[in-house]
Amino acid sequence: MRGGFTLKFVGKSIKRVDGVKKVTGSLKYVDDMKMPRMLYVAVKRSPHPHAKILSIDPSEALRLKGVKDVITGEFYTKRGGLYLEDKNFLAVGKARYRGEAVAAVAAESEDIAQAAVELIKVEYEVLPAVTNAVEAMAPNAPLVHPDLGDYKVAPVFFPEPGTNISNHYKLRKGDVDKGFAEADFVFENKFFVPHVQHVPIETHTAVAQMDADGYLTVWASCQSPYAVRQALSAAFDIPLNKLRVISPAVGGGFGSKAGTTLEGIIIPLAMRSNGRPVKLTYSREDEFENAYVRQGLHATIKTGVRKDGKIVAVQNEFIWDGGAYTEYGVNIVKAAGYASAGPYDIDNVCTDSYCVYTNHPVGGPYRGFGMSEIHFGIEQNLDIVAEKVGISPVEIRRINGLKPGGRTGTGEVVEVCGLMECLDNVIRDIELDKEEPASGPNKRRGKAIACGWKAPSMPNNAASSAVIKLNEDGTAHLLVSAQDIGQGSDTVMTQIAAEVLSISPEKITVRTGDTDHTPYEWQTVASRITYSAGRAVYEAAQDAKAQLFELAQIKLGVYKRDLEMRDGFIVSQIYPDRKVAISDLALGLTFEDGSGVHGPIIGRGSFIPPNIRNADKKTGLGEHPVAFWTYGAQGVDLEVDVETGHIKVLKVASCFDVGQVVNPQMLEGQLEGAILQGMGTALYEELMLKDGKILNKSFVDYKIPTSDDMPELVVSFVENPEETGPYGARGVAEPAMVPTAPAIANAVYKAVGIRLSTMPLTPEKVLAAMKEKARKM
Amino acid sequence: MSKLKVSFILNGEEIEHETLPNRTLLKMLREDFDMTGAKEGCGAGECGACTVIMNGQAVNACLVLAPEAEGSIIETIEGLSDGTHLDPLQQAFIDNAALQCGYCTPGMIMTAKALLEENPTPTYEEIKEGISGNLCRCTGYKKIVQAIQSVADQNRVGLGND
Amino acid sequence: MRPFEYFRPSSLKEASELLVRYGDGAHLLNGGTDLIVRMRDGLTLPSAVIDLKGIEQLSRIREDEESVYIGATVNLNQVGRDETIGKYFPYLVKAALSVGSKQVRNRATCIGNLCNASPLADTATPLMALDAVLEVFGPEGEREIPIQEFFVFVRKTSLKPGEIVKGVRVPKTAGQGVFTKLARRKEVDLSMVCMTLLKAQDGWRLSYGAVAPTPVRLPKTEALLNQGAASEEILECAISEVKPIDDVRASRAYRLDMVKVMLRRGLEQIEKGGAVS
């Protein structure tokens, strides 16, 4: 797709098209919106992790001056969900996690709404709760969803009714029993990854308003307006042409604003408010407890390896703590399952990945979609196995790492793979082989690497589309519903269109996030936007270009095969003085006699990644189950204080094979941000859950990295083009975070000889492990 | 509870206003003056997204009661550019790609502004420490520090210290 | 936030009268970085908020022959920047600058930090080590409270109704001092354990925060230090004089370990001539 010519805009560090609005504070995010006669919503939440709702009495709340309405789950009992229809926006019949919404109030002010919530009386019958995923799989565990068998589910997921298992994914490649028998060594290691939260700096927020003619408009900080539209249409029986979802701006998503979260709570209130807009904004505490969280994982990895370091068999058991609703989580479990071999060429793989209901906060898509969690185990496991076999961590990855011609865990043949180049780059950038001294007598220093991979986890037919409208002055409007959540998609889409049309990016205005006006985009998730929406934009620009060439052929008398776009003109390649400006053709071609043909040029592009086919239901094997894989590696250089256990990360190197860099400066920013996010999970972040209650649902005790935690960062990229990507580009937003935590854990082992099989690596845990080791010696 | 009069200077403009006391400066700025650049990221003084400059000091507007604004000089992000020209810090953020989702950006820029007023030529370490009260989840901070550093470097040249 | 009356008295007398008039419903507002959060969370529901920042005399840092005096409304960054405080009590400067973020310190006050009586108040341990004295204004007149009698329990001081702390008088104390704060994250975090160790001319002073219901002095350990006892004995005595608990930030066991580590490192640092005053 690149064609070997020089690129003018793709590959350049074009400045963000939304930069000025953001640095001036003039961009209006949803909570910044003020509408006349707006009502404010507050939510009554269950104090119990598992309880039947016996009665809800809103009468006292309704009597409070300024309260307009109170609703409960009984108003709309239809279940919904992206992949498995197991959730309601307000609890119906029972509450399944502590914090679940059971009623909602609309009032004249936030203070009144909060006061009203206190006055709603709810009677519960407390039920036994399951707060451990492994225990929840036991035969007599209390059932979170006794009616699981009745739930509608997409055919690629396999719930087990009568249990808490909402998806059991199986991967069966080769014959692991044979593999283990042939192995010289067999090792088994366990890992536990606790829940974390995305912590977008902007909390979830939405406004809804229903017109007199039943037309509903929703403004939401969401990654996927079309997904929100679909979910709300289904839940509330509103036809799609009468439901408009607008996402004006998103202050960070990381997956938490994918799908739907709070949007459905306000819809019934909007439907009953006689045209008044209704707004709900989550507090930070709500964000920790009632937005999606990243599932916990109990992982067991069994490895059979030969003396020479070749891994011959891997058996994985992943038990995921999916929380109270797993409408989204079932796919994370599947994605982790088919990626469970890691970026390695292993002939025999057996994986069971279970999505388990618990009475915990709702698990959902989080940057990495299962990859960070499983790689914490996979990449440490590799280092453990390497040491036992007597080879280095780099060596075991060179032997087993995927290369072109190899086969993935699902049996797919690898055509493009820059993994080894990425590994080489990070080894170079942290000077892995150079032993460097620690900064003091109580510190020990260690360096280590880790690899990672990810594919976009999405339905095989996930689609993107784009429209380009040419203006009569030679500028253009680009309409997409890819959502810029910070990753820079507005700018990237603009660059791609500019490249095809050969007009400067300043001449293109990109508009997004309005289901009435911008065309369909499945979701802004899965690291798929540069690739998929980018392709749609590419196709739309090509379509506009084709129409321009049709008209230019007539106008110039030059065959269209000999035309090219150049700096706002359509130019003959043979007779360079024969050219016509885009502006002259934008509204059609006008002849000398004043008549015109064709009309306005509107370029359309639609894209579905080609040829992605379902894997086998029983074995999980498939020749092309995903659009592409993104490979990469990271290296970490850190110090441990041996008396307090504190870890200080000195330097992180990161390298990914992105196919084609679209915007180098923005890509660096992605990789740098991902490293810090990975560091956060490795060092500080954990939702501390006790009996279903989050003990640390605020920034006082849930810590994310600050600027002063930032280590030296060295990022680089490798470009092995993705054949079906625009200009060869593939996605990297999520993979960029995957190796960080295990690289840190591996470096801690190098520094002080202890392995922590759980995150975060807090000073207390590190110290305890060091003391334990000293005791044993 | 009745409204109180509160007089202050907001981005250079003299303001005579009335407010109920039981709300924060942040809410007053956002709701009464439509200065929505300062954001409520946590409401508890932990994230810095609400940072404004009050009497020359960077403060979390979510931790100031509206009546406490009486007699003070308040600068918000909206006051940094005149509608035509960007403040050098704002330009530096764009040039260095020091923003992604933009939500922490106004608070971050105001903290940086106050930092540079107090110390026009901070070191890399001083910048890292100086903005540690502003959380960012997108950028990893590196380009933010670089952006501020570039303005500090301009200041160094201006002061004749290159 | 629930409704309340807001007052900005211009004298201590006026402030104290308001406190008495509104009784339990009255709360003093100083930096606000603690009170406003509590009000937002519904933990404190005042009917009257009395802003002290209109009382000019409370905003000063003064010095005389024997002491340095920090007024009630002086914020933590001001404490951190002050040359006099930096000259005599560099470890107090370090403690003040370790609280919250820069933005928080531009509002939060040293006196407020003390009056909240959190067991982990960072400015408490240096002032405990210095035997600071709180000067109090009340309905029955003025009095002084030695800091060791000030903290009664978690979030409880020995102040009587209507009393307002005007400021703290810190005796100039020659010697070497060290303040250490151990937290999960480098910046903007509450202490897991904090400590001030001061080798004063008249003897050692040792104070810890976050290891008991209030910040504490360790008199037995101080005595051993003065006697020049063996290091092992000193460290064991230190952990016997504290009562840490398990909480979300750290466990009791870890805190006890850190008490020893921090003391040992503090002694080393003073040995090497650290933080002279």
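Naming: A, B, ... by sequence-line order, numbering from 1 per chain.
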At a 4.5 Å cut-off on heavy atoms, which part of [X] comes close to chain A: side chain, backbone, both, or neither?
X: Asp34(B); value: both
X: Ala97(B); value: both
X: Leu99(B); value: both
X: Thr139(B); value: backbone

Given heavy-atom pairs under 4.5 angstrom as the criterion, report whether the side chain, backbone, both or neither of [X] touches chain B.
X: Ile675(A); result: neither
X: Gln483(A); result: neither
X: Val199(A); result: both

Whether the side chain of [X] engages the backbone of [Y] through a donor-acceptor N/O pair (distance < 3.5 Å, no angle test) should be reported.
X: Thr36(B); Y: Asp32(A); value: no
X: Tyr141(B); Y: Gly673(A); value: no
X: Gln665(A); Y: Asp95(B); value: yes
X: Arg16(A); Y: Gln100(B); value: yes
X: Lys142(B); Y: Gly669(A); value: no
X: Glu672(A); Y: Gly140(B); value: no
X: Arg284(A); Y: Gly41(B); value: yes

Exercise for review: Using the side-chain contact (heavy atoms from CB on, under 4.5 Å) rule, take Met710(A) and Lys128(B) through it: C-alpha gap first, then chi angles, then the decisive distance, then the call.
Suggested key: CA-CA 8 Å; Met710(A) 176 187 52; Lys128(B) 271 179 61 174; 3.9 Å; yes
Review point. Can you tell if the side chain of Thr24(A) reaches within under 4.5 Å of the side chain of Leu80(B), non-hydrogen atoms only?
Key: no
**Study point:** Beyond-backbone contact of Pro200(A) with Tyr103(B), side-chain heavy atoms, under 4.5 angstrom
**Key:** no
Practice item. Please lay out, stage by stage, how Lys34(A) and Glu31(B) fare under the test salt bridge (charged side-chain N to carboxylate O under 4.0 Å, His left out). Key: CA-CA 8 Å; Lys34(A) 264 188 289 297; Glu31(B) 289 170 13; over 6 Å; no
**Study point:** Max heavy-atom pair count under 4.5 Å with chain B, selected residue of Leu713(A), Thr203(A), Ile485(A)
**Key:**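 Of the options given, most contacts go to Leu713(A).
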**Study point:** Best-contacting candidate, Glu685(A), Glu712(A), Lys21(A), against chain B by heavy atom pairs under 4.5 angstrom
**Key:** Glu685(A)
Practice item. Could you go through the side-chain contact (heavy atoms from CB on, under 4.5 Å) check for Arg23(B) and Glu110(A) one step at a time? Key: CA-CA 11 Å; Arg23(B) 58 207 288 246; Glu110(A) 282 172 321; over 6 Å; no
Exercise for review: Apply salt bridge (charged side-chain N to carboxylate O under 4.0 Å, His left out) to the pair Glu287(A) and Arg137(B), showing each step before the final yes or no.
Suggested key: CA-CA 14 Å; Glu287(A) 191 67 29; Arg137(B) 196 54 150 171; over 6 Å; no
Exercise for review: Apply the test salt bridge (charged side-chain N to carboxylate O under 4.0 Å, His left out) to residues Asp31(A) and Arg30(B): give CA-CA distance (whole Å), side-chain angles for both, the deciding distance (0.1 Å), then the verdict.
Suggested key: CA-CA 10 Å; Asp31(A) 191 59; Arg30(B) 287 173 57 77; 3.0 Å; yes
Check your understanding: Which one of Glu129(B), Lys39(B), Lys143(B), Glu40(B) has the most heavy-atom pairs closer than 4.5 Å to chain A?
Key ->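 It is Lys143(B).
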